[in-house]
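Not measured: the values here are computed from a predicted model. Residue numbering restarts at 1 for every chain, and letters A, B, ... go by the order of the sequence lines.
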Protein chains: 2
Amino acid sequence: MVTLAEVAQHAGVSASTVSYVLSGKRSISATTRQRVEESIRELGYHPNAGARALASNRSNIIALMIPLRTDMYVPVMMEIAIAVATTARTHGYDVLLLTGEEGPDAVRRVTGSGLADAMILMDVELEDERLPLLRDGGVPAGAQSRAGDDQPSVLIGLPADTDGLTCVDLDWTATGALCVEHLAGLGHRDIAVIGEAPAVYERHTGFAERTLDGLRSRARETGVRLLHRPCEGGYDAMAVTLARIFDERPGTTGFVVQNESAVEPLLALLRQQGRAVPEDVSVVAICPDQVAVQASVRLTSVAIPAQEMGRRAVEHLVAKLDGRGGDGVVLLPPELTERASTGPATAAS
Amino acid sequence: MVTLAEVAQHAGVSASTVSYVLSGKRSISATTRQRVEESIRELGYHPNAGARALASNRSNIIALMIPLRTDMYVPVMMEIAIAVATTARTHGYDVLLLTGEEGPDAVRRVTGSGLADAMILMDVELEDERLPLLRDGGVPAGAQSRAGDDQPSVLIGLPADTDGLTCVDLDWTATGALCVEHLAGLGHRDIAVIGEAPAVYERHTGFAERTLDGLRSRARETGVRLLHRPCEGGYDAMAVTLARIFDERPGTTGFVVQNESAVEPLLALLRQQGRAVPEDVSVVAICPDQVAVQASVRLTSVAIPAQEMGRRAVEHLVAKLDGRGGDGVVLLPPELTERASTGPATAAS
DNA sequence: AGGAGATGTCGAAGCGCTTCGACAATCACT
DNA sequence: AGTGATTGTCGAAGCGCTTCGACATCTCCT
């Protein structure tokens, strides 16, 4: 193990000088800097993370809390996680992976031990039990908040009360509205929504409920009839749901699908029933572009910008850690890409 | 920030006593222990991770290196990652998430800085460039390996040369063999393999090549004809591949699918062509059970035991860190579950 | 030419913890 | 009663780094 002191000796300078070369916090003459850098390279020196964390009170680690459950769409989570990790690295941070399992205790543990400098939470519920620990930088109300002594956090997702929090999320309400708008614009009057699994709604996950709000309010505005049915993923569940939908609203010509694992089953079933997409029935999906493109019909879709969300979350967090920028909510505007699964409502349908 | 010293003062003991209560490395009288524990609770003390790492030369962090690319089946990665994280926690470790992006440098950085005590690598290639840094606990050949001073690692995946390495993987060769065996046993003489995307083979990812080996050698043994075609996921690619297969081998009645994103497209296409599953054509998939169950036909499949792999990897690593157990290769035996997608080959087909 | 201000370097303190050796106090035997 | 082992606690050193104030040098202005 090579230490700072050894580098200093090798370069013929003091330890503090080496430290300043590394951190750049004081000016160092070009010649000295070169000599030190040379020694670092020659000896293969790597600063000890623990010592650094102890002395500087900064670990350069961001904690990322991901949900344990797998009823959410996994590829999106993964994409966010990877975006977080790579973006963090570009800012000199590493990422600690926490699962939701420990719940609020994980927040306390990480905060208390100084293991991480900051936190990103995914899959936030509307009334999340972790939130009280995070508001206003994690400093309990009434405590003196010395600068740099708090634990900034960013949520990916939007709780009911965003006071004192920083959040990044897709604007799900607008997403819902956009889907209805698109179908309504094509003349569809009867739209069915294939929602997430019932468990997702029961948990009061913000995105699911907000999407529904958006769908409904725009449906009201455009005079469209909306039928919302939660649906577990998979073929069998989709078959049951679809049958019910056509029972209740035989005239349904538009579909909005939020549960990605229902997309392909839906298309297969429609085909099987002799309903052509998009001639007889139009389908809009809310899913990553990759899914939309790979499906058996190229899907008109609103993309879930997973990478963007991860990236933005980290950038906000880093800004906070650097003392720039405070709380606030970032809602990414949805974008609808028209592909081959939607078309004008026909009289025949 | 509550420190050890404050706890000691509050409990009326010395700092070292508190430390020993925490670590259990020396015996402490019951009364003292209680008093200390009481103080810890009362003050809400959390040991500082940096200080601990510095003093003990142990960070209690395991680094997990996941691939950046998304051409591998993502849910499997995610499941492994989550299993690693939760298992690690039960052993008192946290998990640091590294992406493949930095490559071998990440290994050096983490090893050199003492950020992590150990490492788990996923998506290992047959001749992975990170391997030289890991052999024999990460200690360069010739160096004196003091106990506890090295960086144990476990690979999830199997490189060509496993000397001085610890590996956990599904036995892909046996998996391939098992698939052919099952189909051959049902009387199928012409089997097509829908492989991973070409890029996966080009990268010399062990699992893809080994599966193929297993498939081929068992095909030879059972006198079955095998046609292997790599396939990007998605509907269009699958359509092209399938057409080619039936062109070249019109008598094909058995399919083995390794690329999960080709499963549903394959089923849809077969249906479309009027080939019934399992009456006309049998399909065996290599995929997580969840996928097999949710598909439009309940698939006979060999499961990918993602959780098991993650768990085993951590357990091996912890054993190494505790000085128990050394290197070695763990190959999990594949298990085939018969569902509704395979049946006897009929004369008609 | 002389002093004010930059500029570059150093020594030392200290971050919060672990761990080693020392030392009382207690206990179990002759 | 005296010895040796055992048990429980403490003080101090030190892990490798950052950072503050001090100091020596150099630069530039009047």
Side-chain angles (χ1 to χ4, degrees), chain A residues 1-37 39-40 43-61 92 109 111-115 117 146-149, chain B residues 1-37 39-40 43-61 92 109 111-115 117 146-149:
Chain A
M1 238 260 134
V2 188
T3 69
L4 224 211
E6 297 178 68
V7 173
Q9 188 170 16
H10 186 269
V13 297
S14 77
S16 45
T17 301
V18 177
S19 178
Y20 286 123
V21 167
L22 253 31
S23 69
K25 293 194 177 172
R26 285 202 183 173
S27 52
I28 297 287
S29 68
T31 62
T32 308
R33 185 203 313 297
Q34 274 172 19
R35 207 140 35 83
V36 170
E37 280 168 353
S39 296
I40 289 178
L43 301 178
Y45 168 73
H46 285 271
N48 179 296
R52 196 166 248 196
L54 177 56
S56 66
N57 208 21
R58 283 300 208 96
S59 64
N60 284 303
I61 288 179
R109 188 169 60 85
T111 297
S113 67
L115 223 192
D117 296 332
R146 282 170 287 145
D149 195 32
Chain B
M1 235 263 134
V2 188
T3 70
L4 225 211
E6 296 178 69
V7 173
Q9 189 171 14
H10 185 269
V13 297
S14 76
S16 46
T17 301
V18 176
S19 177
Y20 287 124
V21 167
L22 253 32
S23 69
K25 293 196 176 170
R26 284 201 183 173
S27 52
I28 298 286
S29 69
T31 62
T32 308
R33 185 201 316 294
Q34 275 172 17
R35 208 139 34 85
V36 170
E37 281 168 354
S39 296
I40 289 177
L43 300 178
Y45 168 72
H46 285 272
N48 179 297
R52 194 167 249 196
L54 176 56
S56 66
N57 208 20
R58 281 301 207 93
S59 65
N60 285 302
I61 289 179
R109 188 170 60 84
T111 296
S113 67
L115 223 192
D117 296 331
R146 281 170 291 142
D149 196 32

Base of D:dG11 paired with side chain of B:Ser16 (donor-acceptor, under 3.5 Å): yes
From B:Ser19 atom OG to B:Arg52 atom CZ, the distance as rounded to the nearest 0.5 Å: 7.5 Å
Reported CG-to-CD distance for the pair B:Leu4 and B:Gln9, which is rounded to 0.5 angstrom: 12.5 Å
[X] [atom1] to [N] [atom2]: how many Å, rounded?
{"X": "B:Leu4", "N": "C:dC15", "atom1": "CG", "atom2": "C1'", "result": "13 Å"}
{"X": "A:Arg35", "N": "C:dT9", "atom1": "CZ", "atom2": "P", "result": "8 Å"}
{"X": "B:Arg58", "N": "C:dC17", "atom1": "CZ", "atom2": "P", "result": "19 Å"}
{"X": "B:Leu54", "N": "D:dC15", "atom1": "CG", "atom2": "P", "result": "9 Å"}
{"X": "B:Leu43", "N": "C:dG16", "atom1": "CG", "atom2": "P", "result": "15 Å"}
{"X": "B:Tyr45", "N": "C:dG16", "atom1": "OH", "atom2": "C1'", "result": "7 Å"}
{"X": "B:Met1", "N": "C:dG16", "atom1": "CE", "atom2": "C1'", "result": "9 Å"}
{"X": "B:Asn60", "N": "C:dC17", "atom1": "CG", "atom2": "P", "result": "14 Å"}

Mind listing the closest non-hydrogen atom pair of [X] and [Y] along with its distance?
{"X": "A:Met1", "Y": "A:His46", "answer": "CE-O, 4.3 Å"}
{"X": "B:Ser39", "Y": "B:Ala11", "answer": "OG-CB, 3.3 Å"}
{"X": "B:Leu43", "Y": "B:His10", "answer": "CD1-CB, 3.9 Å"}

Mind checking what makes side chain to side chain contact (heavy atoms under 4.5 Å, CB included) contact with [X], not counting sequence neighbours?
{"X": "A:Glu6", "value": "A:Val2, A:Thr3"}
{"X": "A:Thr32", "value": "A:Val13, A:Thr17, A:Ile28, A:Ser29, A:Arg35, A:Val36"}
{"X": "B:Leu54", "value": "A:Ala51, A:Leu54"}
{"X": "A:Gln34", "value": "none"}

Pairing stems for DNA chain C [at least three consecutive pairs; Watson-Crick or G-U; under 3.5 angstrom]: C:1-30 with D:1-30
Close approaches to DNA chain D from residues 20-31 of chain B, in residue order (heavy atom, under 4.0 Å): B:Tyr20, B:Arg26, B:Ser27, B:Ile28, B:Ser29
Nearest to side-chain heavy atoms of A:Ala55, which nucleotide of D:dT18, C:dT19, C:dC17: D:dT18
Given C:dT18, D:dG8, D:dT18, the nucleotide with the shortest approach to the side chain of B:Thr32: D:dG8
side-chain N/O [X] vs [N] OP1/OP2, d < 4.0 Å:
{"X": "B:Thr17", "N": "D:dT9", "result": "no"}
{"X": "B:Arg52", "N": "C:dT18", "result": "yes"}
{"X": "A:Thr3", "N": "D:dG16", "result": "no"}
{"X": "B:Ser14", "N": "D:dT9", "result": "no"}

Polar side-chain atom of A:Ser59 near backbone of A:Ala53 as donor-acceptor pair, under 3.5 Å: no
